[in-house]
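All values derive from a computational prediction rather than experimental measurement. So that the names make sense, note that chain A is the first sequence line, chain B the second, and so on, each numbered from 1.
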Number of protein chains: 2
Amino acid sequence: MKRNGRPIIPKKTIYRLSIYLRCLARLRENGIGTVSSEALAKAAGVKSTQLRKDLAYFGTFGTRGLGYDVSELSQKISGELGTAQLQPVVLVGVGHLGLALLSYRGFEKEGFEIIAAFDTEPNRKREKKIAQPILGIREMPAFVAEHAVKMAILSVPVAVAQETVNALIKSGVMGILNFAPIVLAVPEDVMVNNVNLAIELENLSYFIQG
Amino acid sequence: MKRNGRPIIPKKTIYRLSIYLRCLARLRENGIGTVSSEALAKAAGVKSTQLRKDLAYFGTFGTRGLGYDVSELSQKISGELGTAQLQPVVLVGVGHLGLALLSYRGFEKEGFEIIAAFDTEPNRKREKKIAQPILGIREMPAFVAEHAVKMAILSVPVAVAQETVNALIKSGVMGILNFAPIVLAVPEDVMVNNVNLAIELENLSYFIQG
DNA sequence: AAGTGTTTGTGAAATGTTTCACAAGAAATT
DNA sequence: AATTTCTTGTGAAACATTTCACAAACACTT
Ligand SMILES: NC(=O)c1ccc[n+]([C@@H]2O[C@H](COP(=O)([O-])OP(=O)(O)OC[C@H]3O[C@@H](n4cnc5c(N)ncnc54)[C@H](O)[C@@H]3O)[C@@H](O)[C@H]2O)c1
Ligand SMILES: NC(=O)c1ccc[n+]([C@@H]2O[C@H](COP(=O)([O-])OP(=O)(O)OC[C@H]3O[C@@H](n4cnc5c(N)ncnc54)[C@H](O)[C@@H]3O)[C@@H](O)[C@H]2O)c1
């Protein structure tokens, strides 16, 4: 199926590309140069036909009888996902959760950098020493515009989540990773990914009881 | 579609039930007694036909011309999801992230209680005062078995995630909420829900660039 | 250089999910 | 009591995703 030249790619395929990318990174660390769809699929926890179908949306870069070049495939997937170069991200709401995220050193490796955080109380004493600047929420619009930030992590209380997101969008943010347990209203061209831990637990609860 | 008496319910339907439940909770807080599929669907960010189809998997509890009774529907959904009574959960790995999760007071309201946490260094000085006991990882098997814990939150480093999950499963855990960015290998009857923030960001990255 | 074995890429089929269209049931109104 | 209005519940259709089955392409061996 196609629309304006490019095939329409299932959302789940995009998620799986990220998983493949991580599996490929491990292979590369172990000095492995080529991998078959069978082996990579197993590492990723999917069927090999699905992996091949997923990759086929973007072109053909395997070698029949041999498999895929690990480096080449990594690069290709990175390029498609838009993480080939480091993406600037801001975080809003430096509380319990925000602080944990800020002190996580794993994002850089994956192509993202939290370049600043914003809070209504930027100067409140916090337990941890953080590398990134914590600024007042009023400085957010100018900062986001100036640094052309397109993505934000939202870890503010539920009560202010919608207004905060409105402000972020107004400043030019197009993608939001939301931790507040609320359905945010956003324009069509803005994307929200929700991380709701209670829902994940509830989901587990359902499937383990049935 | 049916298998052994009960209809097969789409995975996504289960996720949406959780969302409906939260919207219903808000309605109840606002003293609203009945709600139409149209209104509830809007609050949940889905189409009303989808909401009705989702509910239809479990029976028929609406009143035509009127809508659904908020309390009754809440109870019914809670019952289906298995969160009608408080579920005990344990957390393994009390680091940056684990500590943030432990100090979060939102889970009880949603039907879950983290009753204990485990770490290789339970006595390390931590910044926050936590209500739950932090125990040595060696005490985990006995504790989990004794309290019939079926769900665990995993926030240990990647390097020890697989062995930790093996131990949890051995002790009787059936559902795991995993924060370590790795594909865990588990038996068929055990369920893993992964929360991978880098993948969520990557996903945003793809959709906002295209 | 020919033959053998392996693995990709891909239409077609199967399966799964969402949306449509509308009959049927209940409340509200006259 | 009859009529109108509203809203649910549900087969059928449309759409989306996964799996199957196998031809085509390449590597490796002899
Ligand atoms: N902590 C967790 O483990 C956890 C788990 C699931 C969901 N959540 C959700 O994540 C969000 C944050 O949780 P938390 O535990 O870190 O809460 P928190 O109260 O510790 O932190 C919230 C932070 O947001 C800041 N803030 C408040 N209003 C603001 C505004 N208008 N603009 C900018 N900053 C503002 C506060 O100063 C505070 O630092 C909440 O919506 C919560 O429901 C948290
Ligand atoms: N912090 C974040 O924001 C964040 C974001 C995304 C993913 N993650 C992932 O979550 C996990 C935890 O991250 P973190 O930042 O809290 O790490 P952390 O190093 O701060 O915490 C890990 C904790 O696990 C404990 N631990 C180590 N081995 C253990 C074992 N065998 N049994 C029990 N406990 C053990 C350590 O003592 C430590 O307290 C990691 O896998 C990380 O990749 C974290």
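- Set against D/dT17, C/dT19, D/dT7, the side chain of B/Gln50 has C/dT19 as its closest nucleotide.
- The NZ atom of B/Lys12 sits 17 Å away from the P atom of D/dC15 (whole-angstrom rounding).
- Between A/Ser37 and C/dT7 there is no side-chain polar atom (N or O) within less than 4.0 angstrom of OP1 or OP2.
- What separates CZ of A/Arg16 from C1' of D/dT19 is a distance of 12 Å, to the nearest Å.
- If you find the closest nucleotide of DNA chain D to B/Thr60 and to A/Pro10, the one lying nearer the 5' end belongs to B/Thr60.
- For the pair A/Tyr68 and C/dG9, the criterion of a side-chain N or O lying under 4.0 Å from OP1 or OP2 is met.
- Contact record, A/Thr83 with B/Ser205: CG2-OG, 4.0 Å, taken as the closest heavy-atom pair.
- A salt bridge is defined here as a Lys NZ or Arg NE, NH1 or NH2 lying under 4.0 Å from an Asp or Glu carboxylate O, and B/Glu202 with A/Arg22 meets this definition.
- Between A/Leu55 atom CG and C/dT8 atom C1' the separation is 10 Å, expressed in whole Å.
- The neighbour count for B/Gln75 CD, taken as heavy atoms of other residues, nucleotides or ligands under 6.0 Å away, does not exceed 12.
- Atom CG in B/Asp54 sits roughly 14 Å away from atom P in D/dT10 (whole-Å rounding).
- Using a 30° and 60° split on the angle between ring planes, B/His147 and B/Phe143 fall in the parallel class, below 30°.
- Contacts classified as ring pair (Phe, Tyr, Trp, His ring centres under 6.0 Å) and involving residues 180-199 of chain A (residues at least two apart or in different chains) are not found.
- Spacing between atom NZ of A/Lys53 and atom C1' of C/dA13 amounts to 11 Å, rounded to whole angstrom units.
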### Message
Base contacts versus sugar-phosphate-only contacts with protein, heavy atoms under 4.0 Å: please encode nucleotides 22-30 of chain D as B, S and - from 5' to 3'.
### Response
--BBB----
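- Distance B/Lys11 NZ to C/dT15 C1': 13 Å, rounded to the nearest Å.
- The stretch residues 15-41 of chain B participates, sequence neighbours left out, in no ring pair (Phe, Tyr, Trp, His ring centres under 6.0 Å) pair at all.
- For B/Ser36 (side chain) and B/Ala39 (main-chain N/O), a donor-acceptor pair under 3.5 Å exists by modelled atom type.
- As a whole-Å value, the separation of A/Ile8 CD1 from D/dA16 P is 7 Å.
- Atom C1' of nucleotide C/dG9 and atom OH of A/Tyr57 are separated by 13 Å, given to the nearest angstrom.
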